[in-house]
Amino acid sequence: MKQKSLILLLFIFCSGILHAQERVFTKNGNISFYSEAPMETIEASNKNVTCVLDTKSGQVQFAVLMRGFEFRKALMQEHFNENYVESTKFPKAEFKGQIVNNADINYSKDGSYTATVTGKLTIHGESRDIQSQGTVKVTGGKVTASTIFNILLADYKISIPALVKDKVSNNVRITVNCPLEPLKN
Amino acid sequence: MRLTLTVLFTCLLLSNYIAKAQTDTTDLLKGVTNQSNEKQYVTAAFKSSRIINGHSMELIGKNVLDFRILHRFGYVNDGISNLFGLDEARMRMGFDYGITNNLTIGIGRSTLKKELDGFFKWRPIRQATGAGGSPVSVVWISGMTLNTLKWAVPDRKNYFSSRLGYYHEIIIGRKFSERFSLQLAPLLVHRNLIDTDINSNNTFALGIGSRLKVSKRMALVLDYHPVLAGEQFGTYDPLSIGIDIETGGHVFQLHFSNSEGMNEKEFVTNTTGEFWKGEIRFGFNLSRVFSLNRNR
């Protein structure tokens, strides 16, 4: 009896380990955003995005430090952190979601798969449910997740003063590109 | 009995495992993100590279050109006949340029005494949070001024060096919170030529600068330079209070000050207004930055 339960226990632990190995991750993913207003185009990128994708369940999560966004103009970067996203108060942006059609993606076979992702995006302390089409690319066993989607700053309570309406657009295009590697722990 | 116990125990473990798995999946990032406190520089202690008259602990950033126009009007207590001082104005026009994020050079010219000035501003220590971060920023500024007025006494032998003045300043500043910043800045001014014997060539002052943010884009600022040694006869400690308003690439600094000069040598050694008697001038600093970066 004791042996059986031990075997059972072992089995449970093993499955846990196996489970963990189905996760792929990165700490150096890329997120950039782009917004165009009549007088100014705003562009910034962050090369230290953390992303974990559970290939079995299709669960996916992103996290990024707002301070890590780099702008071409130093002052723009300062204003981004100080006045718009308030990086000291809300240092992180996060996405927690699920690949809806995860069953259609064969992570062991090379190819480019369209993934529909739904989940919660949190920026500036505000969470919104979003849905986006993305791509999961598998090449030689390596998984790359990418997507492009748009958000409205107003949804995240990032206000644009009337004085800079011509310079800062409410509509921001976000591009995500994360090459992932197996997570071992 | 034993069987039921084992089953119960296994179930317990299993449920424990499931619960663990669930918390794990709700936070996939656990164990991946390092919750470490990485060193991070503190930015925007002040909105501008000047508090009002004196330098702030902020630098403008690499490849940034800052075009600054400064105005100081006449005494407010001149009354309506002089439109509270607005009928007369002194001006300084200048360019600052950021060579690196920690080194800025600048030149300017004031209408007062037709004076040119130039400086460098270097930040060897920058305030940062996290491991190994400094609690304060330290900034070193040295500058020169060149008076280009005609010689007051043309008959005597005049030396070019007599036109020159120098100033050296160390700023130690800290952004205490999002709203409040404070800096102390010992400052030494040396003038090669002074008008009378009773005055000293060297003047030593302590710059005190502070900011209190009242909204995201507005802040109250205080700039005070008590003179500790070598005070000039008939001058007072320069004191200025103002408000910073920021709009995109511009910063407007509106203020009231008892000094007229717009470089360190001038406002430390030649502030003739007595603030508490109402000898105050309205003034503004206008800063427009241009980013000269072509590529990231």
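Computed over heavy atoms, backbone and side chain alike; hydrogens, waters and symmetry mates excluded. Chain letters run A, B, ... following the sequence lines, proteins first, then strands; residues in each count from 1.
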* To do: Heavy-atom distances under 4.5 Å only: say whether B/K62 touches chain A with side chain, backbone, both or neither.
  =>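 Nothing of B/K62, per the 4.5 Å heavy-atom cut-off to chain A.
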Would you call [X] and [Y] a salt bridge, taking side-chain N to carboxylate O under 4.0 Å as the test?
X: B/R50; Y: B/D66; value: no
X: B/D96; Y: B/K121; value: no
X: B/R211; Y: B/E246; value: no

* Residue part contacting chain B, namely of A/Q77, when any heavy atom lies under 4.5 Å ->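 Nothing of A/Q77, per the 4.5 Å heavy-atom cut-off to chain B.
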* To do: Please look at A/V60 and chain B and tell me whether the side chain, the backbone, both or neither of the residue comes under 4.5 angstrom of a heavy atom of that chain.
  => backbone
* Pick out which of A/D54, A/T116, A/V136 makes a side-chain contact (heavy atoms from CB on, under 4.5 Å) with A/I99. =>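 In the set A/D54, A/T116, A/V136, the residue that makes a side-chain contact (heavy atoms from CB on, under 4.5 Å) with A/I99 is A/V136.
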Under 4.5 Å between any side-chain heavy atoms of [X] and [Y], yes or no?
X: A/V64; Y: A/F95; answer: no
X: B/F256; Y: B/I52; answer: no
X: B/F73; Y: B/F284; answer: yes

* Which residues in residues 137-163 of chain A have a heavy atom less than 4.5 Å from any heavy atom of chain B? ->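 Within residues 137-163 of chain A, near chain B: A/S159, A/P161, A/L163.
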* Which residues from residues 214-223 of chain B are near chain A, with near meaning under 4.5 Å between non-hydrogen atoms? -> B/K216, B/R217
* **Donor-acceptor contact below 3.5 Å, side chain B/Q183 vs main chain B/M57** =>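 Answer holds: yes.
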* To do: Please determine which of A/E43, A/E78, A/E40 meets the salt bridge (charged side-chain N to carboxylate O under 4.0 Å, His left out) test together with A/K73.
  =>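 Among the candidates, only A/E40 passes.
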* When you measure from the centre of the six-membered ring of B/F67, is the NZ or CZ of B/R288 under 6.0 Å away and within 45° of the axis? -> no
* Supply the atom-to-atom distance B/L182 CG to B/I172 CD1, rounded to the nearest 0.5 angstrom. =>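 The CD1 atom of B/I172 is 11.0 Å from CG of B/L182, to the nearest 0.5 Å.
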